[in-house]
Student: 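Below is one structure. I have some questions about it.
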Amino acid sequence: MSQAQAAATPRRPIECGVPDAKEYMHPTLIKNFGNWKYHDRPRPGVLHHVSRTGEEVWTVRAGTQRQMDVYTIRKLCDIGDQFADGHVRFTIRSNIEYIVADEKKVAPLIEALEKAGFPVGGTGNSVTMVAHTQGWLHCDIPGTDASGVVKSMMDCLYEEFKNEEMPNRVHISTSCCEINCGGQADIAVIIQHTKPPVINHDLVANVCERPAVVARCPVAAIRPALVNGKPSLEVDEKKCVCCGACFPPCPPMQINDPENSKLAIWVGGKNSNARSKPTFMKMVAAGLPNNAPRWPEVNEVVGRILHTYKTDARPWERMADWIERIGWPRFFEKTGLTFTKYLIDDWRGARANLNASTHIRF
Amino acid sequence: MSQAQAAATPRRPIECGVPDAKEYMHPTLIKNFGNWKYHDRPRPGVLHHVSRTGEEVWTVRAGTQRQMDVYTIRKLCDIGDQFADGHVRFTIRSNIEYIVADEKKVAPLIEALEKAGFPVGGTGNSVTMVAHTQGWLHCDIPGTDASGVVKSMMDCLYEEFKNEEMPNRVHISTSCCEINCGGQADIAVIIQHTKPPVINHDLVANVCERPAVVARCPVAAIRPALVNGKPSLEVDEKKCVCCGACFPPCPPMQINDPENSKLAIWVGGKNSNARSKPTFMKMVAAGLPNNAPRWPEVNEVVGRILHTYKTDARPWERMADWIERIGWPRFFEKTGLTFTKYLIDDWRGARANLNASTHIRF
Amino acid sequence: MAKDMHETPNLDELETGPWPSFVTGLKRLAKDKDYMVDLMGQLETSYKTRKGYWKGGTVSVFGYGGGVIPRFTELKNEEGNPVYPEAAEFHTLRIMPPPGMHYNTDILRKFCDIWEKYGSGLIALHGQSGDIMLQGCTTENVQKAWDEINVLGFDLGGAGPAVRTSMSCAGAARCEQSCYNEPEAHRVVINNFLDEIHRPALPYKFKFKFSGCPNDCMNAIQRSDMAVIGTWRDNIQTDEPLARKWFAKHGMNELVNDVVSRCPTKAIQLKEIKDLKAGESVSTVALNDTHCLEIENRDCVRCMHCINVMTGALAPGKDRGAAILVGGKRTLKVGDLMGTVVVPFMKLDTDEDREKLVELGRTILDFFADNALEHERTGEMIERIGLVAFLEGIGLDVDVNMVSQPRTNPYVRMDGWDEEVAKINAKKQQSA
Amino acid sequence: MAKDMHETPNLDELETGPWPSFVTGLKRLAKDKDYMVDLMGQLETSYKTRKGYWKGGTVSVFGYGGGVIPRFTELKNEEGNPVYPEAAEFHTLRIMPPPGMHYNTDILRKFCDIWEKYGSGLIALHGQSGDIMLQGCTTENVQKAWDEINVLGFDLGGAGPAVRTSMSCAGAARCEQSCYNEPEAHRVVINNFLDEIHRPALPYKFKFKFSGCPNDCMNAIQRSDMAVIGTWRDNIQTDEPLARKWFAKHGMNELVNDVVSRCPTKAIQLKEIKDLKAGESVSTVALNDTHCLEIENRDCVRCMHCINVMTGALAPGKDRGAAILVGGKRTLKVGDLMGTVVVPFMKLDTDEDREKLVELGRTILDFFADNALEHERTGEMIERIGLVAFLEGIGLDVDVNMVSQPRTNPYVRMDGWDEEVAKINAKKQQSA
Ligand code: SRM
Ligand code: SRM
Ligand code: SRM
Ligand code: SRM
Ligand code: SF4
Ligand code: SF4
Ligand code: SF4
Ligand code: SF4
Ligand code: SF4
Ligand code: SF4
Ligand code: SF4
Ligand code: SF4
């Protein structure tokens, strides 16, 4: 029972749920709701949608840091009031979108945004904002930070955000632990622990629901045990795959380690159904140091993959489509990454990821 | 210790292994061994191979019943001696092949074969001989016969064997139990039991190695039990998938049933790497009666699938390629077969066979 | 107030570079709030030691079980006191956004004022599940902040083993590809599960997501337990002026390489107008006076690609609705799972249609609550019991569109085959 | 002899129809052999009751443990005596065929004579594993028949938990696609494992199969534990006269629809001669004076299709050999498994090369013998322990051609990453 609840004269919540979007939508969007006919992109960062009635809207998209102080938000609001009819929306990737019904408003709006330090772009075949998670700033289990990783990446990808020079849109995600709240993406940077959890046996008994923790382990490496008299948990380090799944339910099983919590890079995740069916991303590099505050090694590899994709892929090929065409041997060859035994699947259903054919590339 | 071994003055075997094929090969094959340049098919049942030296051979392929009496074999030998230089070979599908170095020998050879009742064909995009197993004639676990099934099928497919009118070669297999010694094929007809084994508890103890039997069950439905005093085995009929895997190691667990051992039909198996990677066949029909001696219901369905494939597939599309193009909804629509819940995979790795996309056909 | 800033050499490096810097924002907040001075102290420590220092706990608002993510510092000195006492508590309120994340500046300013008053002043727009995350608040202020937010007409989102906050794409509001009313479907569904959101009592989390078409801009297939993804049943629509315009601009090579040859099922073909094929399942549109596109809609799997490339010239059909996929999740314990089709198509035009969607969600959620193991997601549950058992549990008929291919193994008990076939054919005749 | 024929109404029906009838053959044998009269009696009973009546047992020849499939009747009367006493024993001898199943009529006649003398006179050419199956023999005659067969230079095949009889395709003897000497590889490998064939002592059966190219006419990938499948490393060879001939006969539509558009990786393209691309990985051939085919061999996955269609005009390269795949099996217990690549390419030109192949087989077989559970096939074993553990066990380096894609899950312990990368790069530099 927290103080919050104890506090003062308690107010029953109004269970209002999700508000009606139309309360906040730009009037021209409401007027043409469900009646849009097509769109084009006059320039990077700008979408131009035309309605069946002939009405038009221009959307100007700009990047933000997602983790925003109220001053930044107010600044964005000022720009919205001054240049964009006082309406904004945010994308799933924390980009802000200003919608205007008058083409003349586009140029000044862009100027204002750039002047205030918000890059305009992220549309079409650009590299848009990285899907951003919590990390050290707020999460209780992170192996690294998220805001810093994203900031350092976007600094490197700034020009790619502002231009549309990729074969197709590029969606990147990062995640500060193996859980990966960031999700599947063309390129993902994810913590990969390399050592089993270090257990503080004094705390386990009080802090952890032991059966629940045992149940969380994907490889059944955890068993209850008495350690110097106290009931605790033991990990079979031969079996342990260092996933960290035991850590959230049992913080005394510390999985994070400054040296041994490394970063891995994944490619070829695709959620859209365009052309090929959605695909999961595959691990292609690992062992990269958790090198705060700017993670140069990670950014070097990400940059290399993006550069290869940019020069080698054909128009409309997403990362997954491109690799599907050139094949994995060429992918590793062209990116200069090394294929090691760790990249050969041995998880359930692994056989589906083995080459059950003589389709071989020389 | 069998009588055979006890018998007379035992002779130590000569462990000679596999003979050198060249002892038996046609001389022109030996002369041009590894030096063939290309081939064509002057007519169904005839292959014409040309060597880099310009030498040529004609291969005439004819169907046999596989299960041959010595008189039939001698008849084939007579034909070989009279018309084909005394050399023959057999294909993996029990077709006989006569190789001649002189084109003039082809026509009389064909005539002799056909006169003797051996259909000439089975080459290229024909329906060749069914891969043949044992069944009642010899096996110890069959749910049906093989020779009879194959004979009745080939009677129906006789014209398709003698002509090359299919989009691509068609390979069919049958199997007289769920083990399927016949293997993957474009179309396979396989026993599918529908009731758990009926156990003769009096015999289990003496006949079966109980732990071994328990280990054979793919769904762990078998447990050791005492039945009226005797050690025996018990089957959890809720779990049992009626696969019959327990029957070979434990004959008292009778899986075969005149009524409930049905036939299922599978399509789209492909071993070759041509175009697409090799694929497993998929179950598309079941519940067909084990209707000896001619299995008309089975032949009706097989005929319908072949007819649809013949009329709808494009040149060089194997059964699997064709279905891949038109999609499973169309396959069931066009063949008039019914898709039931039993065809939805729920075995390990089943998720790979579910539709993880919005790629949907209406 | 005036607590001195701590040294933050690591964080300072994140003020360089062109991308907007969250550190600059933190510093600005720290100017007026010791709370943030110490928050930066702890964060800088994490950057030095490469360790996180937050632990969870229980904090909630009166009347709700979830929606607040409590954070207490674990960075203590020898005496066991917080090294950065001002920031010893740093809880987050998850607030559900309007569908499509539309705002006016007025409401955003109100959020800012409230959060400046009771919280850290740090707001994430948005969390990966879509929440407005008001990050950094003391236990004491959680209720106060909440009281003022709630009256703005906003509600807390999900956390823990509960229905979670949802997201819907721009959709009908600003996208020509929209196949249903996403914001309305989103609102109606979520607002029918508020009890399950506010009072966590499920085996594990359950997420809805709403994408207006198969482009799936919400990543619904991979990131939600129940994905509502727009699609259509009839023929692709065409618009000749826009088609001619596109062709004039892009030419034959782009048409062939970027459109025709990228169709996954070769349903779309380039034809000379003279040998056009007619037929009720065929869509055609002229590109110039000699050539045109021909689409055999029975082969089209609604992947969106050609429509994406030739937006407007090609468009989803008129008979629109959504496909429902169940079981998507991220990787924990079993590895990633994609949602798979359980309803190939349902209409979502009317309130009645949306009511049916709510009922389906209810049925699935109830089945999940009754049958899932503790900390098991829908996808894991379906993998354990099999799709058919799940479909029977929720009363849906099987459809061949639910599979990528029929089973490749014989391991199924099928003595009910004949009855099943009879049932299905009977149904077919009724509907025929 | 003169035992009357039994009534066989069911079997009689199988004498009708155009396909050669095994029943007619059985009847012919029954003319001279009561043995076959009774065999037909039992078989007819099976057709009536839809039940099999054979059970196994132990019968073998002196010095060997396997190779004979014993069959004793279970069809008994009240007194427990065989209903068809003459055919109470019906054993089969499995005899290994010559590679490619080549014979001359002389040797076939010898088999016939021996089997007429000691056996039923019924011979299967061939069993699904390739054996000459001499079917139907009494226990007493097994050894006698064997003694005469053995001296012809033929040996017993495999049965039980042993290395099994093998098959190889027509291959080099009569096929332009052949990429190695199949009959010789087959003979050398099998004759190095005779002890494992004749004295069953493995956890379960182990099969080798030999196909000369990726068309895999022996179904090796799906039906053998160790598949040796021919392929090549260098560029596809071309022959202009044959290419022009093919094109003249088949024309442009067939070229585009049947060849170019069916290439799984779009490695083969139709080009106008003027914009032909050069390069050491490119194969080209003219079809007429304006058009030609261009193949980027680095994109070619050696599927064989274009070569199959344009046999001779296109052909496998000069640098030929084989890929080795391990783990194929049929469905029992786990469901079907395909073999998967463990050696992307090895030369098989010389005796030394074949010796290496034998050694590889030996290593794999030893690992199988030591690590497989009882009644577990290689494929099941690899699935249980993981491909990497298997590769390390048999001392093979990993290669990206062994996978269809890298892992999609993070569940692997990888603290050895850096060392692995170092090792691999070191190797690369040596070989470079
Ligand atoms: C605004 C946003 C939806 C929202 O309500 O937030 C959105 C909006 C549009 N998307 Fe999207 N997509 C948005 C996230 C996504 C995502 C999810 C993600 O980014 O994580 C996906 C799935 C990604 C994946 O496959 O993993 C996504 C896959 C697509 C695709 C399919 C691309 C492909 O070929 O695979 C299209 C079609 C296209 O590109 O023409 C598309 C097309 C569009 C269009 C062109 C639709 C339209 O006509 O308005 C919109 C303008 C996009 C642009 O940038 O040019 N949108 N789109 C999201 C913007 C994110 C951002 O700020 O960058
Ligand atoms: C004789 C035989 C090999 C043997 O030593 O026994 C053989 C011989 C040839 N096969 Fe085969 N294949 C033979 C069984 C197979 C099998 C296995 C089977 O039948 O179970 C396969 C794999 C089937 C599968 O994928 O499941 C097989 C897949 C092929 C293919 C690939 C077809 C495809 O497109 O998928 C070709 C290429 C072609 O058709 O041009 C091929 C091509 C050939 C060629 C044309 C090769 C050549 O140039 O000589 C030979 C003549 C075939 C013909 O009938 O026109 N052969 N071929 C087998 C004849 C069986 C029969 O009597 O019908
Ligand atoms: C805040 C957020 C990341 C962000 O910065 O945006 C987040 C943060 C956490 N996630 Fe997440 N997840 C967030 C969206 C997601 C998503 C994306 C989505 O919802 O589309 C996923 C993948 C989709 C899915 O549900 O699988 C996701 C998959 C997980 C998982 C793995 C679930 C699984 O079955 O694989 C966990 C672990 C768990 O639930 O036990 C998890 C657990 C957590 C916890 C509660 C860590 C823990 O177990 O204590 C994190 C709390 C961090 C914090 O202090 O706020 N989070 N998490 C996102 C929620 C913000 C919001 O409400 O809008
Ligand atoms: C005779 C033959 C069928 C035929 O008529 O051609 C055959 C017959 C039997 N097979 Fe087979 N198999 C025969 C080729 C195959 C093949 C095909 C192949 O070798 O390419 C396969 C599929 C490939 C494979 O090995 O998986 C095959 C997969 C099986 C299996 C399932 C193995 C598995 O792991 O899935 C069994 C069951 C077992 O081994 O326990 C089996 C078991 C049997 C037994 C021994 C039944 C038993 O367990 O008692 C059958 C003895 C019948 C008899 O009385 O002669 N037979 N069996 C084939 C052997 C003849 C020969 O030596 O040439
Ligand atoms: S990815 Fe892991 S560390 Fe990062 S927010 Fe999600 S749960 Fe926390
Ligand atoms: S880290 Fe993962 S594998 Fe290791 S013990 Fe914990 S849960 Fe199990
Ligand atoms: S398929 Fe079954 S019944 Fe037929 S031969 Fe093989 S094991 Fe015997
Ligand atoms: S039939 Fe198959 S599933 Fe049933 S008990 Fe026997 S082995 Fe198990
Ligand atoms: S999902 Fe479809 S409808 Fe929704 S925004 Fe994306 S493209 Fe438009
Ligand atoms: S939407 Fe249909 S026609 Fe268009 S590319 Fe996709 S599948 Fe082909
Ligand atoms: S496998 Fe290849 S080499 Fe052997 S016969 Fe078939 S096509 Fe010829
Ligand atoms: S052999 Fe190579 S080029 Fe020819 S079709 Fe196959 S992959 Fe394409």
Side-chain angles (χ1 to χ4, degrees), chain A residues 2-5 7 10-19 21 24-25 29 33-34 36-38 65-73 77 80-81 86-90 117 136 140 142 147-148 151 154-155 158 179-181 183-184 218 258 271-275 278 280 290 292-293 315-316, chain C residues 10 13-14 17-20 22 25 28-29 46-47 50 52 54-56 59 62-63 96 98-105 108 112 116 121 124-125 128 139 142-143 147 150 153 155 172-174 176 183 187 190-191 194 214-216 219 221-223 258 262 303-305 311-312 330 333 336:
Chain A
S2 75
Q3 301 159 11
Q5 286 182 32
R11 182 193 62 92
R12 295 220 133 278
I14 311 159
E15 298 203 36
C16 54
V18 171
Y24 302 107
M25 252 179 230
L29 297 189
F33 190 89
W36 297 104
K37 188 162 197 274
Y38 72 97
Q65 60 270 60
R66 185 183 97 145
Q67 306 287 31
M68 289 183 278
D69 56 291
V70 291
Y71 303 96
T72 299
I73 296 174
C77 289
D81 292 334
H87 287 273
V88 304
R89 70 175 295 272
F90 287 87
W136 290 328
D140 57 340
S147 320
K151 160 71 174 159
M154 290 313 295
D155 281 341
Y158 189 70
I179 281 174
N180 189 318
C181 298
Q184 293 283 326
N271 300 289
S272 100
N273 289 274
R275 299 167 306 281
F280 289 125
N290 187 10
W316 293 97
Chain C
N10 282 287
E13 284 199 43
L14 291 167
W19 193 260
F22 71 103
R28 176 66 188 82
L29 292 171
S46 286
Y47 270 72
R50 298 177 190 180
W54 297 117
K55 74 167 196 291
V59 175
F62 183 75
M96 294 194 286
M101 295 171 171
H102 298 271
Y103 302 96
N104 53 34
T105 51
L108 285 179
C112 290
E116 193 169 32
L125 295 165
Q128 290 297 328
T139 308
V142 165
Q143 184 70 38
D147 289 338
N150 195 189
D155 202 348
R174 200 212 50 202
E176 67 271 22
R187 194 179 63 82
I190 288 303
N191 290 356
L194 293 174
N215 283 329
D216 196 2
N219 299 333
I221 191 171
Q222 207 281 315
R223 290 168 78 166
D258 297 350
R262 291 206 178 279
C303 87
M304 289 300 295
H305 177 74
T311 161
R330 204 27 184 121
K333 185 151 187 202
D336 289 68

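Worth knowing before you read on, the calculation uses all heavy atoms, side chains too, and leaves out hydrogens, waters and symmetry mates. Every chain is numbered from 1 and lettered A, B, ... according to where its sequence line falls, protein lines coming before strand lines.
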Student: Between A:Y158 and chain C, which part of the residue has a heavy atom less than 4.5 Å away: side chain, backbone, both or neither?
Tutor: side chain
Student: Pick one of side chain, backbone, both or neither for C:L194, based on which atoms fall under 4.5 Å of a heavy atom in chain A.
Tutor: both
Student: Taking A:S272, A:C77, A:C181 one by one, which has the highest count of heavy-atom pairs under 4.5 Å against chain C?
Tutor: A:C77
Student: Identify which part of C:L125 has an atom lying under 4.5 Å from any heavy atom of chain A, answering side chain, backbone, both or neither.
Tutor: both
Student: With chain C as the partner, which of A:N290, A:I179, A:D69, A:L29 has the greatest number of non-hydrogen pairs under 4.5 Å?
Tutor: A:D69
Student: Can you tell which part of C:R174 gets under 4.5 Å to a heavy atom of chain A, answering side chain, backbone, both or neither?
Tutor: both
Student: What pair of heavy atoms forms the shortest contact from C:R330 to A:G183, and how long is it?
Tutor: NE-CA, 4.1 Å
Student: Do C:D155 and A:I14 make a side-chain contact, defined as non-hydrogen atoms from C-beta onward lying under 4.5 Å apart?
Tutor: no
Student: Among A:Q184, A:R275, A:H87, who wins on heavy-atom pairs under 4.5 Å with chain C?
Tutor: A:R275
Student: Rounded at 0.5 Å granularity, tell me how far CZ in A:R12 sits from CG in C:N150.
Tutor: 12.0 Å
Student: Classify the side-chain pair C:Q128/C:R223 by whether it contains a donor and acceptor separated by less than 3.5 Å.
Tutor: yes
Student: At a heavy-atom separation under 4.5 Å, does A:F33 approach chain C through its side chain, its backbone, both, or neither?
Tutor: both
Student: Using non-hydrogen atoms only, which part of C:K333 is less than 4.5 Å away from chain A: side chain, backbone, both, or neither?
Tutor: both
Student: With a 4.5 angstrom heavy-atom cut-off, which part of C:N215 approaches chain A: side chain, backbone, both or neither?
Tutor: both
Student: For the candidates C:P18, C:G56, C:G153, which exhibits the highest count of non-hydrogen atom pairs separated by less than 4.5 Å from chain A?
Tutor: C:P18
